[in-house]
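To keep things clear, I will list the structure first and then write my remarks on it.
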Number of protein chains: 2
Amino acid sequence: MSPIRVINPDGTFTTGPETTERLLTPGEVAQIFGVGPKTVNRWALTGRIPSVRTPSGQRRYRETDVITLLSGDRSS
Amino acid sequence: MSPIRVINPDGTFTTGPETTERLLTPGEVAQIFGVGPKTVNRWALTGRIPSVRTPSGQRRYRETDVITLLSGDRSS
DNA sequence: TAACAATGGGGTAATTGGGGGC
DNA sequence: TATGTCCCAATTACCCCATTGT
């Protein structure tokens with residue numbers, strides 16, 4: 001993973017020359033996949049999805065990781 | 001299929017310039033069509049309806065795809 | 001009658017959701 | 001208000017087989 005270069009006023013941050021990252025809450029990821037927030041936490045516990053921890057212990061998920069899972073080639 | 005561009009706070013996400021998507025569970029789709037969940041599963045396996053997989057393997061269906069099928073644009 | 005497609009039921013294992021409490 | 005965690009019932013995926021209709 002690329003190192004963080006610049007943090008923007010809107011909360012996004014660059015990890016490379018042209019890449020901008022965004023962190024999603026468990027609730028946001030849950031709605032994206034059509035499941036509950038607890039299920040997303042379960043995914044993190046079982047290693048199905050990478051996660052970042054806030055200093056208080058809550059989980060955040062990279063938008064790029066979510067998009068990768070959504071694009072996962074399991075069409076059927 | 002268009003690549004995902006942006007994920008919104010309400011769980012929708014754009015797959016193109018102006019498109020927003022939502023996902024339905026097998027049970028919901030089954031209730032909509034008046035069939036059993038297993039039949040919806042079979043539709044996905046036979047390619048009659050597109051589906052997205054959760055990281056754990058369960059299927060979710062795009063509301064727009066269901067609406068399209070309900071609209072009755074079938075070949076026969 | 002045979003062949004075929006579509007649907008549902010049974011069984012099993014894995015996943016999920018809801019309640020409760022923190 | 002949202003989240004992290006635990007427990008339990010409901011849902012789902014996947015297999016095979018019976019039924020129905022063409």
Inset, instruction - For C/dT16, take OP1 and OP2 only and decide whether either is under 4.0 Å from a side-chain N or O of B/T54. - result: yes

Legend entry - For A/E21, the option from A/T64, A/T14, A/D65 that meets side-chain contact (heavy atoms from CB on, under 4.5 Å): A/T64

Legend entry - CD1 (A/I7) with more than 12 external heavy atoms under 6.0 Å: no

Inset, instruction - Compare side-chain N and O positions of B/R42 against OP1 and OP2 of C/dA6 and report whether any pair is under 4.0 Å apart. - result: no

Inset, instruction - For A/T25, report the nucleic acid contact type (base, sugar-phosphate, nothing); a contact means any heavy atom under 4.0 Å. - result: sugar-phosphate

Legend entry - Candidates C/dT7, D/dC14, C/dT15 - which lies nearest the side chain of B/T39: C/dT7

Legend entry - Whole angstrom value for the distance that separates P of C/dA14 from CG of A/L45: 18 Å

Legend entry - Nucleotide of C/dA5, D/dA2, D/dA13 approaching B/R48 most closely (side-chain heavy atoms): C/dA5

Legend entry - Earlier contact from the 5' end, DNA chain D, for B/G27 and A/P37: A/P37

Inset, instruction - May I have the distance from A/N41 (atom CG) to C/dG18 (atom P), rounded to whole angstrom? - result: 15 Å

Legend entry - Between C/dA6 (P) and B/F33 (CZ): distance, integer Å: 15 Å

Inset, instruction - Would you indicate, yes or no, if C/dT7 has its OP1 or OP2 atom less than 4.0 angstrom from a side-chain nitrogen or oxygen of B/W43? - result: yes

Inset, instruction - Return the value, rounded to whole Å, for the distance between atom CD of B/E28 and atom C1' of D/dA10. - result: 14 Å

Inset, instruction - Give the minimum heavy-atom separation between A/R62 and A/L23, together with the two atoms involved. - result: CG-CD2, 3.7 Å

Inset, instruction - Could you check which of D/dA13, D/dC6, C/dG11 has an atom nearest any side-chain atom of A/K38? - result: D/dC6

Legend entry - Residue pair B/V40 / B/Y61, side-chain heavy-atom distance below 4.5 Å: yes

Inset, instruction - Could you tell me whether the side chain of A/R5 reaches within less than 4.5 Å of the side chain of A/T15, counting heavy atoms only? - result: no

Legend entry - A/Q58 side chain, from C-beta outward: closest of D/dA2, D/dT5, D/dA13: D/dA2

Inset, instruction - Grab the CZ-P distance between B/R60 and C/dT15 for me, whole Å please. - result: 13 Å

